[in-house]
Amino acid sequence: MIDPVWASAAELGDAYRSGAASPVAVVQALLARIEKLEPGLNAFIRRETDTALLSAVESEARWKQGKPLSAIDGVPYGLKDVIDAAGQPTTCHSKLRLNHIAAHDARVTGLLRQAGAVLMGKLATHEFALGGPSFDLPFPPARNPWNRDYHPGGSSSGAGVAVAAGMLPFALGTDTAGSIRNPAGACGVVGLKPTYGLLPRDGVFPLAPSLDHVGPLCRSVADAALLLDLLSEGRPGHRSDGNSYRMDIDSGLAGIRIGVVQAFIDLCESQVAKALQHAIAVLRDAGAVIAPVDLPDLAFLQTVNRVILQAEGWSIHAGDLRQRAGDYAASTRKRLLPGAFLSAEDLLQAQRQRRRMIAAMQQALSGVDILLVPNSFDPICRIDDEVALQHGYARQARAPFNLTGHPAIALPIGFCDQGLPISVQLAGRYFDEALLLRAARGLEQIVSWREARPNL
Amino acid sequence: MSSVSILAEAAGLQKTLADFPAEVEAAVKLAAQQRAVMAEASLPDLPPLAPEDEAWPPMQVAQAGTQPAGTQPAGTQYAGTQYD
């Protein structure tokens with residue numbers, strides 16, 4: 001019998017098909033789970049109890065008729081609250097957007113609706129997908145399910161928490177400087193940032209359009225592949241051979257060339273570095289070819305990413321920052337305001353540097369198939385530790401892949417002494433998510449932490 | 001008038017400066033620091049952006065395949081609040 005609380009999206013679809021589970025029973029079980037855990041983890045900004053049950057009833061009827069809309073018909077999910085769902089608020093976790101009601105679905109929401117997936121609600125984020133865990137907003141910040149005193153990562157914090165806590169099998173987040181991979185790592189789930197442009201962003205509130213990505217947070221690499229199939233079909237850059245992203249994921253690690261960026265690992269706290277070295281050893285033992293690889297200076301990569309993010313972010317928020325800056329959380333305001341003092345020259349110089357960074361990343365990927373880098377350099381810190389939060393903001397290797405647009409996936413590889421997850425990041429070539437997912441799946445099968453559950 | 005005040009006024013941030021002077025000052029400093037980091041790394045042979053170079057990720061997408069303009073899955077309507 002399948003456990004509806006901890007099943008993956010693919011497992012739920014299989015169970016619906018075989019009759020081992022029903023959408024109504026699963027949605028009811030998850031609603032009860034959410035009711036038990038909320039408020040407390042604060043993953044949800046808004047729950048959709050009635051419409052979720054109605055959608056589940058409709059889905060169940062389709063399965064009984066043998067006419068499901070997709071493999072995830074009736075599978076519950078959540079949306080980071082920067083992604084529109086028709087008729088519902090998209091608050092961006094901000095006082096400035098409390099009265100906003102989305103007129104239409106975001107394109108990704110529409111695709112999930114067409115697939116019959118059941119929207120359970122909108123999920124907490126750092127304000128406008130930027131700030132940090134803030135206590136001066138209309139909604140409280142999400143809490144890490146492994147220890148509620150700790151930060152769950154962000155900005156797709158509610159998505160990471162809901163999936164890790166057994167409230168949802170998957171959620172969609174956004175990622176401009178690591179905002180899918182950070183909460184995935186901190187909460188111990190899988191987070192995929194696909195190649196820039198592979199997934200549509202219509203109806204997603206932008207932070208920095210040339211860096212913004214949409215992607216899934218889920219319980220397994222197989223689910224990430226399943227969702228990528230569904231959300232990228234027909235998109236430019238979708239698998240050119242027309243095959244499923246799931247097709248090759250169980251082909252193993254043998255022969256895959258993995259480039260290790262040791263200079264980034266050397267920056268890691270000892271527990272994180274140890275877990276990464278263990279993952280590298282496991283990959284080698286499984287037949288992957290490990291090779292050293294160099295990338296440009298990380299601090300410089302992050303500076304270029306930040307200049308572009310701040311300039312583009314300012315272009316979106318300038319009006320509100322001039323007229324009602326006090327309505328932003330302090331942390332959001334601090335991160336957006338520098339954009340006001342960047343010039344056109346600064347932005348264009350950053351774009352020129354970006355081109356160099358892309359060339360360097362392409363060069364690194366010319367001799368290997370996959371890059372292995374840390375996700376966060378440190379175990380996640382307490383949610384109220386302002387100093388550690390600020391210190392950790394740049395201690396990560398996620399932003400370079402927003403700058404260059406290469407696909408990257410985060411997955412758990414262990415736990416630190418405090419019992420909080422540690423994560424690795426793999427990155428691949430443009431639009432070669434198939435190989436990236438295969439490598440991630442191979443690693444996941446060996447160092448699987450999926451069976452670990454937070455004590456809630 | 002301080003340099004921060006001049007810059008804030010140029011950005012239309014007089015009210016914000018009055019309400020959050022330390023944050024505006026910190027933002028001015030951070031922007032300058034970032035500018036300095038990029039200036040140090042700029043190479044004399046780094047060419048200016050050409051149109052074919054600039055929009056690299058969309059260019060990559062365009063090269064990988066195209067989709068007819070306006071193609072949308074049936075049954076969905078899009079807000080158009082983003083940039084695809």
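The sequence lines fix the lettering, A, B, ..., with proteins before strands; numbering per chain opens at 1.
From B:M38, atom CE reaches atom CG of A:L347 across 8.5 Å, with rounding to the nearest 0.5 Å.
Sorted by first then second residue, the ring pair (Phe, Tyr, Trp, His ring centres under 6.0 Å) pairs that include residues 323-345 of chain A, not counting sequence neighbours, are A:F128-A:Y328, A:H317-A:Y328.
Closest non-hydrogen pair, A:R322 versus B:G12, comes out as CG-O, 3.1 Å.
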N/O donor-acceptor pairs under 3.5 Å from side chains in residues 14-21 of chain B, not counting sequence neighbours:
{"residue": "B:K15", "atom": "NZ", "partner": "B:D19", "partner atom": "OD2", "Å": "3.3"}
{"residue": "B:T16", "atom": "OG1", "partner": "A:L321", "partner atom": "O", "Å": "2.5"}

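Between A:L337 and B:L13 the shortest side-chain heavy-atom distance falls below 4.5 Å.
Legend: residues meeting side-chain hydrogen bond (donor to acceptor under 3.5 Å, both in side chains) with A:S315, ordered by chain and number and at least two apart, are absent.
Only the side chain of A:Q310 comes within contact range of chain B, with at least one heavy atom under 4.5 Å from a heavy atom of that chain. Neither the backbone nor the side chain of A:A86 comes within less than 4.5 Å of any heavy atom of chain B.
Contacts with chain A (heavy atom to heavy atom, under 4.5 Å) involve these residues of residues 25-35 of chain B, listed by number: B:A27, B:V28, B:L30, B:A31, B:Q34, B:R35.
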